[in-house]
Structure formats: C-alpha cells, structure tokens
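See structure below.
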Amino acid sequence: PEDPRIFFDKLLISIHDLQKSENEYFNFKIQLDYLNASSVKTLYNIFKEIILKSKIIWLYEEEDEDIKEIGLIFKMLLGENFEVESFIRV
C-alpha cells in the first residue's frame, strides 16, 4: 500500500487485543509476496512492539531471495525471537 500505516494499523490493533486477552506468549507467522521500503519500516516498528511477548516467524518462498534477505535483516535486528523459514509453494 502507498501508506502502510493505514493498512497495518488494523493488524496492530488485532495484535494488541490478542496480547490483552492472552497473557501467554504467542507465535506470529507472516508471509508476504511483496514489500516496499515504507512497509518494511512499518513492520519493523510493529515487530519491535510485539517481540517480547511473541515469536515472529518470517516465511518466504524458497526462491524469493529479496523477501528472505529482509527477513534475515529483521532477525539480526530483533534477535532470537525472530525466525526465518522457507516454504515451497504448491
């Protein structure tokens, strides 16, 4: 989206609601086919907010080096609660 904050605000509200209702740690899986620079920045800010109460699993299609690379950068910045996993689209 042109303004990712509008798009991702709904996601962030849902995550906050889940964190309020669940006192437990939760897994958050994300799979994207495309990201622009402003979406990367917005997602990073969301991930920083939720990383302490969750494990984030970044899924990328096995041959998509761009999405994989973004996930590896997030992992470097966010630490052990962030995982990068490939999948094969069938």
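Hydrogens, waters and symmetry mates play no part in the numbers below; they use all other heavy atoms, side chains included. Numbering starts at 1 and runs along the sequence shown. Quantities reported herein were computed from a predicted structural model and do not represent experimental measurements.
Remark: side-chain polar atoms of Ser39 are not paired, donor with acceptor, to backbone N or O of Leu35 under 3.5 angstrom. For Lys75 (side chain) and Glu83 (main-chain N/O), no donor-acceptor pair under 3.5 Å exists by modelled atom type.
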Under 3.5 Å, sequence neighbours excluded: what are the donor-acceptor pairs made by side chains of residues 42-52?
from  : atom 1 : to    : atom 2 : distance (Å)
Thr42 : OG1    : Ser38 : O      : 2.9
Asn45 : ND2    : Lys41 : O      : 3.4
Glu49 : OE1    : His16 : NE2    : 2.6

Give the table of side-chain donor-acceptor pairs shorter than 3.5 Å for residues 56-63, with sequence neighbours excluded, one pair per line with atom names and distance.
from  : atom 1 : to    : atom 2 : distance (Å)
Trp58 : NE1    : Ile67 : O      : 2.9
Glu61 : OE1    : Arg89 : NE     : 3.3
Glu61 : OE1    : Arg89 : NH2    : 3.4

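With hydrogens and angles left out, the side-chain atoms of Tyr25 and Asn81 include a donor and acceptor closer than 3.5 Å.
Between Ile70 and the options Val40, Leu32, Asp64, a side-chain contact (heavy atoms from CB on, under 4.5 Å) holds for only Val40.
Residues satisfying the side-chain contact (heavy atoms from CB on, under 4.5 Å) test with Leu11, not counting sequence neighbours, are Phe8, Ile15, Phe28.
Rounded to the nearest 0.5 angstrom, Glu85 CD and Gln31 CD are separated by 11.5 Å.
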